[in-house]
Protein chains: 4
Amino acid sequence: MKGRRYNTMINVTVWNEFRHEKTDEKARAVYPDGIHGYIAGFLGKQDGIKVRLAALDDPENGLPQSVIDETDVLLWWGHMSHEEVSDDVVKRVCDAVLRGMGFIALHSAHFSKPFRSLMGTSCTLKWRDGAKERLWRINPAHPIAQGIPEYFELPHEEMYGEFFDIPNPESVIFLGWFNGGEVFRSGCTFVRGHGKVFYFQPGHETNPTYHNEYVQRIILNAVRWARPENRISEITAPETQPLEKI
Amino acid sequence: MKGRRYNTMINVTVWNEFRHEKTDEKARAVYPDGIHGYIAGFLGKQDGIKVRLAALDDPENGLPQSVIDETDVLLWWGHMSHEEVSDDVVKRVCDAVLRGMGFIALHSAHFSKPFRSLMGTSCTLKWRDGAKERLWRINPAHPIAQGIPEYFELPHEEMYGEFFDIPNPESVIFLGWFNGGEVFRSGCTFVRGHGKVFYFQPGHETNPTYHNEYVQRIILNAVRWARPENRISEITAPETQPLEKI
Amino acid sequence: MKGRRYNTMINVTVWNEFRHEKTDEKARAVYPDGIHGYIAGFLGKQDGIKVRLAALDDPENGLPQSVIDETDVLLWWGHMSHEEVSDDVVKRVCDAVLRGMGFIALHSAHFSKPFRSLMGTSCTLKWRDGAKERLWRINPAHPIAQGIPEYFELPHEEMYGEFFDIPNPESVIFLGWFNGGEVFRSGCTFVRGHGKVFYFQPGHETNPTYHNEYVQRIILNAVRWARPENRISEITAPETQPLEKI
Amino acid sequence: MKGRRYNTMINVTVWNEFRHEKTDEKARAVYPDGIHGYIAGFLGKQDGIKVRLAALDDPENGLPQSVIDETDVLLWWGHMSHEEVSDDVVKRVCDAVLRGMGFIALHSAHFSKPFRSLMGTSCTLKWRDGAKERLWRINPAHPIAQGIPEYFELPHEEMYGEFFDIPNPESVIFLGWFNGGEVFRSGCTFVRGHGKVFYFQPGHETNPTYHNEYVQRIILNAVRWARPENRISEITAPETQPLEKI
C-alpha cells in the first residue's frame, strides 16, 4: 500500500486573457508581467509546484493538447474576450476536467466558456467597480481555508453580487460582504467528473488583489486541493456489461 | 394512485418562550399577545392551516406527547430560557422530527436545545443589536422562496454574523447582509431523518419583524414545505434481516 | 399575503422521441400510444394537471417557443436519436429551465442534449438489459418520496450502473440495486437557475415500468415538486449596479 | 506565505472497544492485538503518521483531555458496549471535533455516542451477518478515493442496509452493494464545526476486512483528509460585536 505521493510535483498552468495589461495603464502598473505572470511568481516559489504560463494570443490559445496533458491544475483569468477562446480549446479543457484536471476560475472567469459549460447555468451576477469587500470564511474545515483568518478585507475590489446563477456548490468557503449592500458566494467548490473546480471572486485587473497575502494563500491552498486524485485517460460510454456471477 | 392531499389540513404548533413579552415593555408593545400569538394570527388566516399555541410555562412546556402527535409542523421561538426546557420535552421533539414532524427554528432558537441536538454542532454565532439587514434570496427555485423578491430589507434587526457553527445546509435560501460588515446564512434547510428543518434568522423580540409581509410569506412557505411526507410512528433499530431470494 | 396557489393548474408537456414504439414490436406492445401517451394518461387523471404531448418528429421537435412558454414542467424520454434534437430547441429548453421551468429526465434521457448541458458532465454510466432492480428510498423526507415504501422492485428493468458521471445531486432520493452486482443513484434532484431538475432511472422502452404504481406516484410527485416557484421572463446579465445609500 | 506543512506529523489515536477480541475466538484469530492494534500497525508504517492506541477499559476510556489535545485524527471502533463510554468522554470528543479534530467512525461505530451526537439523528440501519459486499467508488475526485479502483469486493462482510438515518452527507464516496438485495452509503463525509468526519461501513470484528489493501488505503486517505485545517482552542459564544466603521 502506498499513500499520497506528497512529494510529487503539481504541474500548474496559469492561463490569462492577457489583454488588459497590454492596453490599460492601470492594469499594467499593478501587473506589469500580466496577472498570470504575477500568480505564477508566488506559486512558483512553493516547493512541489511547477508553473507554466499560457495566454489567449498564444497558438491554440496557449492550450494545445500536449499542455493540457501535462497540467494537473489549470487557473483561468479572462474578462473581455471570452468569445475569442476557440470552442475546440474549451472542449479540450472541459474534457480534461472531467478526466481529473483541477480547474480554478478567477474573478471574471465566471463568464468564461469552460466555467459556464462545467456549471450548466448562465453564471450571471450583479457588479459594480470600486467597492470595499470583506471576505468571511464560513467553512473553516476546508483545506482551501487553511491558515485564513475568520475574515479579511480588500479595500478596493469589484463588487460581484447575488443572485449568482450557479448550481448549489459542494462547499461555500467564503462569503463576500460589500459596502454597497451586496453579498456573494465568493469562494465555492464543485466536483465535475473526476475533477475539482474552485471559483474565487476577487481579482479585478486594476486592483492589487493578488498581492494580498490571504488571496495568495487561498490560491495556493486551492491548487493543492484541486490536484487530480484519480486521473483517467479517456471518457468512455461503456459497452454493455457482462453479467457476472456474484 | 393518489397524489398529495393538498386539501388536507396542516396542524401547526407555535411554541414560544413567552417571557420577554411579559416583562419587556418594548417587546409587549410589538407583540402584545406574544410572538407566538402574532405568528398564529397570520398563519391561521390561511386555508388549510390549523394553529395551536404552546409556551414554556405551560404544563410539560406546552408540549405533551399528545400535542406533538397532532403536530405536523412545530415553530420554535426561544431566547433567554433555553435551559428551562425539560430534557424530556427536547427528546420528544427531536424524536418527532426524526419521525417526520417539520421543525422551524426562529431567530434565537439557534441556541435552543432541540435545534442544537438536531444539528450536532455548537450553533454559536456573532451578534449585535440594532442593525440594518438586507436579505438576499439566493435559491429562487426553492418553495420557501416562492413570491419573495430578489432582496428585501429590515431596517431594525439584530445582527447575527458568521461564523455560524452549523452543518453544511441542504439549501441556503437567504443570505443576510448587515450594515456593520457582517454576513449570515439567514435561511437554511436541513433534513433530519423523516423530518425537515428550517432555520430563519430575523425576529428579535423588540422589532416588528414578523409584521413584515415577506417574513410572513417565508414562514408560511416554510410551514407548507415542512409538512411530513412519510411520517412514521416509531424509530426502530431493525432486527437482523432475513436473507431473501432475489 | 397570498400563499401558494395550490389550486392552480400545472401545465405539463411530455416529450418523447417516439421512435421505438413505431418500429419495435415489443415496445409497441407495452406502450401502443407511445411512452409519452402512457405517461400523459396517468398524469392527466390527476386534478390540477393539464398534459400536452410532444415528439421528436413534430415541427420544431414539438417544442416551439410558444409551447415552452406555456409549460411548467417538461418530461423528457429519449434514447436512440438524441443527436437529432436541434440545438435551437436544446438551447430553448435549457434557457427555460434556468428561468424556472421544471425538467424531468427519464431513463435514457441521461444522455439527452438538454440534460447533459444542464449537468455540465458526460453523464456516462454502465448498462445491461434484462436486470432485476430494487429501488431503495433513502430520503423519506423528500416530497418526491411521498407515499413510496422503503423499497419496491422492478422484475425486468435495464441495469444502469455507477460510475454515473453527474454533479453531486442536491438530493439522492432513490438508490437502485441490481442483481448483477451494480448500484445506481436512480432518483436525483438538481437545481439549475430558477428551475428544478429530477432524473429518474427506470423506464426502458420494452418494460412495463411506467405501469408500476410506485413509478407513477414518483413521477406525479416529481411533477408537483418541479413546478416553478419564481419564474422569470428573461435571463439578463445585469448592468452595473448603482451604489445605494444603505 | 507558508503553505500546508506536508511534512509535519499527523497524530492519530485509534480507539477500540476491545472486548470482542478478548472473548470471541474468531475475532481474536483475525485481530490478535485488537482491531486498533491492527489498524495502528498499517497506519504506523506510513511516513508522517504517529499512532497511539486507546481502549474502553483504559482509565478515562483511554481518552483523557491530554490525549485528545494531542490527537489530530481519532478513529473509533465500538460495537457492544457503546453505553459504557462515559458522557464526559463523549462530550470531550465532540467538542474536540467541533474545534478541528478529525473523526473516523468505523463500522458499528455508527451507533457510538460521539457519532450519533455529531449527526443529530438516530443512525439506525438494517443489518445481517454473512454477506458478500461490493463497494462502488462514486466520487473519484475525492481525496479519500485516491488510488481506489472503480469497485472492489469483500467476500465476507456484515450487511448494513438503507434506510441509514444520517443527515445528507457532504460527499458519498462509496456505495455498498450486498448480495441479499440491499444498498448502503458505505463511505460518507461530514463537516462539523472546524472538524471533518468520515464514516466507513465495512469492518465486522470476525472478518479480515482491515487486512484488505483497499480498505487500508481508504483509511489512510481518510486520516490524511481529516487532519485539522484550522484548529481552535475553545468554542466561545461571542460577546456582542462592536460596530466598526466600514
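Small disclaimer: the values here were computed from a predicted structure and weren't measured. Proteins get letters first, then strands, A, B, ... in listed order; numbering begins at 1 in each.
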Under a 3.5 Å cutoff, is there a donor and acceptor pairing between the side chains of S117(B) and R192(B)?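 Not at all, the side chains of S117(B) and R192(B) share no donor-acceptor pair under 3.5 Å.
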Please say which of F184(A), W127(A), F111(A) ends up in a ring pair (Phe, Tyr, Trp, His ring centres under 6.0 Å) with F164(A).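 Answer after filtering F184(A), W127(A), F111(A): F184(A).
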Among all residues two or more places apart in sequence or in another chain, which pass the salt bridge (charged side-chain N to carboxylate O under 4.0 Å, His left out) test with D47(A)?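 None.
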Across all chains, not counting sequence neighbours, the salt bridge (charged side-chain N to carboxylate O under 4.0 Å, His left out) partners of R116(A) are none
Contact class of [X] relative to chain B, heavy atoms under 4.5 angstrom:
| X | answer |
| --- | --- |
| E133(A) | neither |
| Y151(A) | neither |
| E150(A) | side chain |

